[in-house]
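Report on the structure given below.
All chains are named by letter (A, B, ...) in the order of the sequence lines, taking the proteins before the strands, and each is independently numbered beginning at 1.
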2 protein chains.
Amino acid sequence: MIEKLVEKLKADKENWEKFRLFFCEKKIPAKTVLLKEGEIADTLFFIKKGCLRMWFNNDGKDITFQFFFEGQAVASIDSFIESQPTLFTIESIEPTVLFSLSRENFNFILNHYPEMKEGFNKILYTRFRNYAQLFLSRIKDNPRKRYEDLLKNHPEIIQRVPQHYIASYLGITPISLSRIRNKK
Amino acid sequence: MIEKLVEKLKADKENWEKFRLFFCEKKIPAKTVLLKEGEIADTLFFIKKGCLRMWFNNDGKDITFQFFFEGQAVASIDSFIESQPTLFTIESIEPTVLFSLSRENFNFILNHYPEMKEGFNKILYTRFRNYAQLFLSRIKDNPRKRYEDLLKNHPEIIQRVPQHYIASYLGITPISLSRIRNKK
DNA sequence: ATGCAACGATAACAATTGTTAAGAAATGCA
DNA sequence: TGCATTTCTTAACAATTGTTATCGTTGCAT
């Protein structure tokens, strides 16, 4: 995603120098909050190195429902698009390096390359389909099955992410996850 | 939705006579399958009277995950858009009267009124947001809370739909739903 | 009207998952 | 290195939910 975008921008020699300044590199330690519940997302992030999680507060406990890794674009989509306060917090899990792009600059680029709009819509569509998938898996599968699917389809998540975040993501307690992992 | 569409088409006196023939009224008894898992959705339905449910098979049990009532448009969106076999079955709960519109005619109308495309995209966007909401409620809330939310926000569903479908929709067994309803 | 299928309630028991608590292992940082 | 924090595991018990089965009611079709 970020690669394609930058490639495209670089090809446009005339404007590249200008666009380059739009992207701001940012280095953050683990457990840094990039966007806090209630704020309005005015920045799009691209992960160069590291990983993030998206979570929301539910009766004092935080519930993680999405992870992001290298190469992915990260934002509270709803909030970014509609300029509404986000329901979700975005936070680093590991020390992370990212590029940030402000909404203004994002819109500027989109207006400069209207053909990118379609690609952006596809990303949206994909993101929502992803929600639908997660939703169905919650309905269909019990925690053990969801863990096994995650292990099969995204072993990298289980490798890199602390277990209590994964437990939260699977909708169970860390204790229950521990049982599933060991009483196999 | 259907009202707006028909209103718009009627306003176009020149073509209304032609378009009118696109819509085919259909009367079906309860428990009639309109679209079966594995088929390709080539028809869009609008409900005049009655209600439907959308479900899929999971290890021999059917899981209901969406209800449709008067005035709503119904289709397996993914299948209808991408001409892929649907994962979901659409079935009437009550005796139902609906209008059907074939994909060809739907596309014909859309091409004739390109300004409708945006409205259609909004419907899509809304549908997906709805999935996201349902997804979050599955994560956040226990069955009792989900039942109470449904009772509060959609009492008409609880009134009209048999309990075992609602239990399925809530992700619990009919027995458990019965307990929740009575041990309040 | 009669019989059958669908629907809902309840009981008894099993399985799963949550809660609380304690301690071991790993990790990060001064 | 050593200390503090985070992370993970395990145990004992509680709560929730599922499973199986039975029974009464209702609605519909013949």
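- Closest to the B:R179 side chain, of the nucleotides C:dC7, D:dG18, D:dA12, is D:dG18.
- A salt bridge does not link B:K31 with B:E91: none of the charged nitrogens is closer than 4.0 Å to a carboxylate oxygen.
- Between the C1' atom of C:dT16 and the CG atom of B:N142 lies a distance of 15 Å, rounded to the nearest Å.
- Within 4.0 Å (heavy atoms only), B:P143 reaches sugar-phosphate atoms of the nucleic acid but no base atom.
- There is no path of hydrophobic side-chain contacts, each under 4.5 Å, that joins B:I40 to B:I90.
- Straight-line distance from the NZ atom of A:K140 to the C1' atom of D:dG18: 20 Å, rounded to whole Å.
- Using a 4.0 Å cut-off, no side-chain N or O of B:T173 falls inside it from OP1 or OP2 of D:dT17.
- The backbone N or O of A:P29 sits less than 3.5 Å from a side-chain atom of A:T32, completing a donor-acceptor pair.
- Atom NZ in A:K145 sits roughly 19 Å away from atom C1' in C:dT17 (whole-Å rounding).
- Distances shown here put every side-chain N or O of B:Q163 at or beyond 4.0 Å from the OP1 or OP2 atom of C:dA6.
- In this structure, A:E94 atom CD and D:dT6 atom C1' are separated by 15 Å, rounded to whole Å.
- In this structure, the nucleotide among D:dG18, C:dA9, D:dT10 sitting nearest to the side chain of B:N182 is C:dA9.
- Phosphate contact (OP1/OP2 of D:dT6, side-chain N/O of A:H164, threshold under 4.0 Å): absent.
- Here A:S178 does not reach the OP1 or OP2 of D:dC8: none of its side-chain N or O atoms lies under 4.0 Å away.
- One interatomic measurement links the two molecules: CD of A:Q159 to C1' of C:dA26, which rounds to 16 Å at whole-angstrom precision.
- Minimum atom distance to the side chain of B:K31 is reached by C:dA6, of the listed D:dT19, C:dA6, D:dA12.
- Of all nucleotides listed (C:dG8, D:dC8, C:dG18), D:dC8 comes nearest to the side chain of A:P162.
- Nucleotide D:dG27 holds its P atom 17 Å from the CD1 atom of B:I93, rounded to whole Å.
- No donor-acceptor pair closer than 3.5 Å links the side chain of A:T64 to the backbone N or O of A:Y169.
- Rounded to an integer number of Å, the gap from A:L170 CG to C:dT16 C1' is 15 Å.
- The side chain of A:I175 lies closest to C:dT19 when the candidates are C:dG8, C:dG18, C:dT19.
- A close approach under 4.0 Å does occur between a side-chain nitrogen or oxygen of B:S176 and OP1 or OP2 of D:dG18.
- What separates CD1 of A:I172 from P of D:dT17 is a distance of 16 Å, to the nearest Å.
- The existence of a salt bridge linking A:D62 and A:R53 is confirmed by a sub-4.0 Å separation between a basic side-chain nitrogen and an acidic carboxylate oxygen.
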